[in-house]
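All of these numbers come straight from a predicted model, not from anything done at the bench.
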Amino acid sequence: QRERSWDTLSWIGADSLPIVSVIAGCTGIILALQAAMQLEKVGALSYVANLVGFSLVTELGPLLTALILAGRAGAAFTAEIATMKISEEIDALSVMGIDPIRFLVWPKFAAMLVMMPLLALWADFVGILAGGVFSATVLGLSGKVYFEQTATFLKVSDVMSGLVKSAAFGMAITLISCTQGFLAKEGAADVGRRTTMAVVQSIFIMILLDLFFTALNYSFR
C-alpha cells in the first residue's frame, strides 16, 4: 500500500512537471503581453507584474494545473478502475478481504491532495518567472522592478487562496473520476464513456468551485 502511494505521488507530481511548466510559462508570457498592450497606453507598464502575479496565483495557476491533471490523471483513474470493474478484479479484491476503496481510491486521493497544491505553486513560480523574463527582454521593463513589484503586491492570503482552490480541485477530480470508474458495467465500450464523463464532469465542477471560492474571497476582502 505504501509503495503504491509513492508510485502514485511520483506519477501525478514528477511526471506532470514538464507539461505544467510549459503551459504555465506560456500563460505567464501571454498575460504579460496582453497586460502590456493596455497598460502601455496609460504609462503604467510596471503594473504588468501585478496583473501577471495576481492572475496566476489566485486563478490561472490552480485552474490550469487542475485542467491538466483532470485530463491526465483523472482520465487514467477512471480507465483503471472501470477496466478492473468490468474484468471483475474489484470483486476479486472484495473476496480476498481487501477493501477496494482503501486499496484503489485512497492512494489516488492522498496523492492528488498533496501534489495538486505543489504543482499549482510550481505553475505560479514558472508563470511569474516567464512573464518577468519576457517583460525584461521584450517589453523593456527592468527585471528587478518586475520582481520587486510582484513581491510587494502579492499577499500571503492570495497564495493561500490559490492553494486551497487547488486542493479542492484535486479532491473533486479524484472523487468524480473514481466514482465514474466504479459505475462502469456495460463492457469495454463503457470504459471510454465513463472516462469522457469523468473529465467533463471534473471540468464543470472545477469551474463551479472556482466561482464559489472567488466569490468567497471577494466577500472577505
Side-chain angles (χ1 to χ4, degrees), residues 9 12-14 16-70 111-173 203 205-221:
L9 276 170
I12 293 174
S16 298
L17 276 178
I19 183 64
V20 169
S21 300
V22 170
I23 291 180
C26 292
T27 302
I29 294 173
I30 292 169
L31 286 173
L33 184 58
Q34 292 286 358
M37 290 170 60
Q38 302 303 318
L39 294 174
E40 196 173 23
K41 299 176 183 178
V42 294
L45 196 60
S46 63
Y47 286 95
V48 167
N50 298 38
L51 189 145
V52 173
F54 187 78
S55 298
L56 280 169
V57 166
T58 61
E59 290 293 336
L60 293 178
L63 187 58
L64 289 176
T65 302
L67 289 173
I68 294 168
L69 289 190
M112 286 288 276
L113 189 60
V114 171
M115 297 311 303
M116 181 70 83
L118 293 178
L119 284 172
L121 202 59
W122 173 254
D124 297 340
F125 170 76
V126 172
I128 291 173
L129 180 63
V133 172
F134 178 81
S135 299
T137 56
V138 178
L139 303 179
L141 180 64
S142 168
K144 181 180 179 181
V145 171
Y146 178 94
F147 291 110
E148 285 180 350
Q149 188 85 356
T150 301
T152 302
F153 183 74
L154 288 178
K155 303 176 183 177
V156 175
S157 60
D158 297 328
V159 178
M160 293 304 300
S161 172
L163 294 180
V164 170
K165 278 185 184 181
S166 60
F169 294 160
M171 289 189 289
I173 291 170
I203 293 173
I205 294 300
M206 281 190 296
I207 298 298
L208 290 183
L209 285 173
D210 190 33
L211 175 61
F212 170 76
F213 282 115
T214 301
L216 190 65
N217 187 40
Y218 178 79
S219 65
F220 282 102
R221 291 184 74 88

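- Pairs engaging residues 59-68 under the side chain to side chain donor-acceptor pair (under 3.5 Å) rule: Glu59-Lys165, Glu59-Thr214 [sequence neighbours left out].
- In this structure, CG in Leu211 is found 11.0 Å from CG in Leu216, a value given to the nearest 0.5 Å.
- A heavy-atom distance below 4.5 Å is found between the side chains of Phe54 and Thr58.
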### Message
Using side-chain contact (heavy atoms from CB on, under 4.5 Å), reason through Val159 and Leu121 one step at a time and then give a plain yes or no.
### Response
CA-CA 8 Å; Val159 178; Leu121 202 59; 4.0 Å; yes

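- Taking both residues in full, the closest heavy atoms of Met206 and Ala70 are given as CE-CB, 3.9 Å, listed atom of the first, atom of the second, then distance.
- When atom types are taken as modelled, the side chain of Ser161 and the backbone of Ser157 share no donor-acceptor pair closer than 3.5 angstrom.
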Give the table of side-chain donor-acceptor pairs shorter than 3.5 Å for residues 128-138, with sequence neighbours excluded, one pair per line with atom names and distance.
residue	atom	partner	partner atom	Å
Ser135	OG	Gly131	O	2.7
Thr137	OG1	Val133	O	2.7
Thr137	OG1	Phe134	O	3.4

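- For Phe125, the ring-ring contact (aromatic ring centres under 6.0 Å, His included) partners at least two apart in sequence or on another chain are Trp122.
- Residue Ile12 comes nearest to Ala111 through the heavy atom pair CD1-CB, 3.7 Å, listed as atom of the first residue, atom of the second, then distance.
- In plain terms, the two heavy atoms of Pro117 and Leu163 that are nearest each other are O-CD2, 3.5 Å.
- Between the CG atom in Asp124 and the OG atom in Ser55 there is a gap of 11.0 Å [rounded to 0.5 Å].
- Here the CG atom belonging to Leu69 is positioned 6.0 Å from the CD1 atom belonging to Ile173, to the nearest 0.5 angstrom.
- Considering every non-hydrogen atom in both Ala24 and Ala123, the closest pair reads CB-O, 3.4 Å.
- Taking both residues in full, the closest heavy atoms of Leu209 and Ala172 are given as CD1-CB, 4.0 Å, listed atom of the first, atom of the second, then distance.
- Atom-to-atom distance recorded for Phe212:CZ and Ile207:CD1 is 15.5 Å, nearest 0.5 angstrom.
- Shortest non-hydrogen contact noted between Leu119 and Gly13 is CD2-O, 3.7 Å.
- For OH of Tyr47, the number of neighbouring non-hydrogen atoms (other residues, nucleotides, ligands) closer than 6.0 Å is 12 at most.
- Here the CG-CD1 distance, from Asp210 to Ile203, works out to 13.0 Å after rounding to the nearest 0.5 Å.
- Rounding to the nearest 0.5 Å gives a distance of 5.5 Å between CZ of Phe169 and CG of Leu63.
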